[in-house]
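Have a look at the structure below before the remarks.
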Amino acid sequence: MTTGYDDIPFFDEEPAPRKPPAAAGAPPFVGGIAARAMAARDSGRRPDYLAGLNPEQTEAVETLEGPVLVLAGAGTGKTRVLTTRIAHILSTNRAFPSQILAVTFTNKAAREMKERIALLVGGAVEGMPWLGTFHSIGVKLLRRHGELVGLSSSFTILDTDDVVRLIKQIIQAEGLDDKRWPAKQFAGMIDTWKNKGLLPADIPEGDARAFANGRGRELYAAYQNRLKTLNACDFGDLLLHPIAMFRQNPDILKDYHQRFRYILVDEYQDTNTAQYMWLRLLAQRPKGEPQNVCCVGDDDQSIYGWRGAEVDNILRFEKDFPGAKVIKLERNYRSTEHILGAAAHLIAHNEGRLGKTLFTDRSDPDDTKVQVHASWDSEEEARAIGEEIEALQRGDSSGKKHNLNDMAILVRASFQMREFEDRFVTLGLNYRVIGGPRFYERLEIRDAMAYFRLVCQPADDLAFERIINTPKRGLGDTAVRSLHDYARARDIPMLAAAAEMVETDEMKPKPRKALFDVVMSFRRWQGLLENTPHTELAETILDESGYTDMWKNDKSAEAPGRLENLKELIRSMDSFESMRGFLEHVALVMDAETNENLDAVSIMTLHSAKGLEFDTVFLPGWEEGLFPHQRSLDESGRAGLEEERRLAYVGITRAKRRCHIWFVSNRRIHGLWQSTMPSRFLDELPINHVTVAETEQSYGGYGRGGGYGASRFDKADPFANNYSTPGWKRAQQNRSDATRDNWGTRSGHAVERIGYGESGPKGRTIDGELVAKSTSTEPSKFAVGDRVFHIKFGNGNISGIEGNKLTIEFDRAGEKRVLDGFVERV
DNA sequence: GCGGCGTAGATGCCC
DNA sequence: TCTACGCCGC
């Protein structure tokens, strides 16, 4: 039994776990859990949290010593194992929460794990300081030890947009043509190198030569230097700097070795080389000491090879960690036999697997086979899926009505979404789109953040350049260029240069005055940083800088929404302790809240569907070229095909009860109609778990065999229908044009765009929800002055009505514009 | 400082 | 075919 781990010396700022006044030699307590666990043990009962685990899961939870690889198939209770394992470590007093390193890939996963652990151990564990994404843990390490790699603790995290702008500057500064050598492309190259853990000195000759006439390495080095002077990091650095820091400072690494008694990694199949190196460093232990590393993953769900993930990491685990125990979780708790059978048969076509086969022992009387459907073109596909959804909504064969929330359309590529959006808007069917640009990528949010960044981090030149003339202050290109030159010549940040320059007469009086005002403002705000509440400061900054006024004076349609977003930004700062903490959050976390009260079909890519599950899943677009995607095949050959197949596997295994696969004969690609072949994956589905849906449409007869030969799902007989005539197509076109002007016919039809910032293809964003523009002229069922209730904002009074959009003064949340469908009269 | 026009590019989007 | 972006002209 361990004792005394609370006196590890090196984290002064972090309160050591409280040590209860226990008798000498007694184990430390973690809240009341230990007591409960011991009581359970002493009474001969297993602790509650172990109840209900199957034997493999139990083994994965209880094998705490030594390296463990848990191969957890889709729907086999992976998260449960991870969280229970942590709960088990905690409640048996093997470690304090702060001694467990648990890494996830997404903030969402981290959040969910925290919540579930809290549930398991009765909420008695205050947080888990080292549970987070690779990147957020990287930030934490760098805030502590950044000076060892040349970063002060206030460093900024740049997002891809900042990075591209910075690289562009460097390319230009090097006298290169930034059109011939696009910054975006080079940013991508740097990202690839960093994923592999390569610093400028390490990159392969060929790579170095490939860009800017052989100056790739030089530019990469210049970029890294520039980051250092900016006191900034890109995402890759959040992994690479800690690696360098650990390598150069073995004593610090050793401290962390002592600290982290247990290491857990989720989604191990998605780790890239840099993450692997990072993990190896932290997982090292002196000979004879157990490496308590537990990696959880599924090689069959590795779908991020294109962004540097190395499936090899998981395939090689037993070699990397000698003596590793491999536990397979194959008992599936999610899907029906037919769905699992279809998925298993498909994925069996991949080579180089560790080999798992999912099974379920729950038989389901109305287990339906996976259904394959054919449509003539993508428009008909959207229509057919829409009908299927509405049918389920009305009630299935047994009369059961289904919620839209239990259905999802999972596409291979985001352009496929549009067709569904168009269709659902005309149907008035609620949907939500998940993915795409994020809240923090909105223009106004980025501007505001630039102000905050510069206040917290005066060396942040990128932020400075972003806002120096926003709002317009008459500090245009000329002024910025001379500031830039001045700063470069003296090797000081631009804000500092500005402060100096206003003391000289290098500038004309007008810009000089403007610049002087800016400099003084920033001085003032910096002075307020320490002892003003940060939300108040944020508001002050946006008001005094004239930024709020800029949007207030803006007459464009987006302006009110942007002001609303700024308010939302400030509101969301409330839950953070400081402005710095908030900045970090926004840099790392980009989640948008979903409105769970809205019943809506989810539309998302297969990639973003990983980890989710739905009763009914629609998988459209199973055609050669789209799925598997041609580019994947071209770029990565067989490996690419296998990754595509894993993607198909992920798609099918998202379904709990019903899985509908669709393919079309004609799809518009880059604007051109092309006739398409059914995906080879269709032929890889087992006939005994799949049915070919009889076509409901007038379109007659795919699957008649013959013709093109190879596939069971052969192309439709082009003469069996009249949809291919130019006239028909024109009619279709007219129809969709007409609907485009009049979509949102059903008042209150709600569309939620999660993660989408700027207005989507249509409509506008009101309070984060993209709302179909309604041309409805029917009188509102509400009247000005009505007292209403909104699930998120509470009670309020209607102060204005415009179609189906209400302006409401909420008692607590202030003025909001919401759709009438979201409120009810009280 | 904007709007109009021409051009390139058009998987995936985590942190 | 659609779009996003950069450049140019006012």
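Note that this is a predicted model, so its numbers are computed, not measured. Below, chains carry the letters A, B, ... as their sequence lines are ordered, and counting in each starts from 1.
- If you measure from atom CZ of A/F627 to atom C1' of B/dT11, you get 11 Å, rounded to the nearest angstrom.
- When distances are taken from the side chain of A/R412 to each of B/dG12, B/dC15, C/dG6, the shortest belongs to B/dG12.
- Distances shown here put every side-chain N or O of A/K179 at or beyond 4.0 Å from the OP1 or OP2 atom of C/dG6.
- A donor-acceptor contact closer than 3.5 angstrom links the side chains of A/D298 and A/Q301.
- Neither OP1 nor OP2 of B/dA10 sits under 4.0 Å from any side-chain N or O of A/R418.
- Contact annotation for A/Q275: no contact, since no heavy-atom pair falls under 4.0 Å across all strands.
- Between the side chain of A/D234 and the backbone N or O of A/D237, at least one donor-acceptor pair lies under 3.5 Å.
- As judged by a 4.0 angstrom heavy-atom cut-off over every strand, A/E267 is placed among residues making no nucleic acid contact.
- Distance alone, capped at 3.5 Å, places no donor-acceptor pair between the A/N469 side chain and the A/K472 backbone.
- Straight-line distance from the CG atom of A/L672 to the C1' atom of B/dG9: 14 Å, rounded to whole Å.
- We find that NE2 of A/H607 is positioned 4 Å from C1' of B/dG12, with the value rounded to whole Å.
- Between the CG atom of A/L410 and the C1' atom of B/dG12 there is a distance of 14 Å, rounded to whole Å.
- When the nearest nucleotides of DNA chain B are assigned to A/K472 and A/M604 by heavy-atom distance, the more 5′-ward of the two goes with A/K472.
- For A/L475 and B/dG1, the CG to P distance is 11 Å, given to the nearest whole Å.
- By the criterion of a centre-to-centre distance under 5.5 Å and near-parallel planes under 30°, the ring of A/H629 forms a stack with the base of B/dT11.
- When each of A/D312, A/I314, A/N313 is tested with A/D299 by the rule side-chain contact (heavy atoms from CB on, under 4.5 Å), just one qualifies, namely A/I314.
- In this structure, A/E642 atom CD and B/dG12 atom C1' are separated by 18 Å, rounded to whole Å.
- Comparing C/dC5 with B/dG12, their C1' atoms sit 22 Å apart, to the nearest whole Å.
- In this structure, A/H585 places its NE2 atom 11 Å from P of B/dC15, rounding to the nearest Å.
- You'll find that the side chain of A/K168 is closest to C/dG6, out of B/dG12, C/dG6, B/dC15.
- Proximity of A/S608 to the phosphate of B/dG12: no side-chain N or O atom is located under 4.0 Å from OP1 or OP2.
- Annotation: A/K196, atom NZ; neighbour count of heavy atoms from other residues, nucleotides and ligands within 6.0 Å does not exceed 12.
- To the nearest angstrom, P of B/dC15 lies 18 Å from CG of A/L142.
- A distance cut-off of 5.5 Å between ring centres, combined with a plane angle under 30°, places A/H670 in a stacking arrangement with the base of B/dA10.
- For B/dG12, the base is stacked against the aromatic ring of A/W306, per a cut-off of 5.5 Å between centres and 30° between planes.
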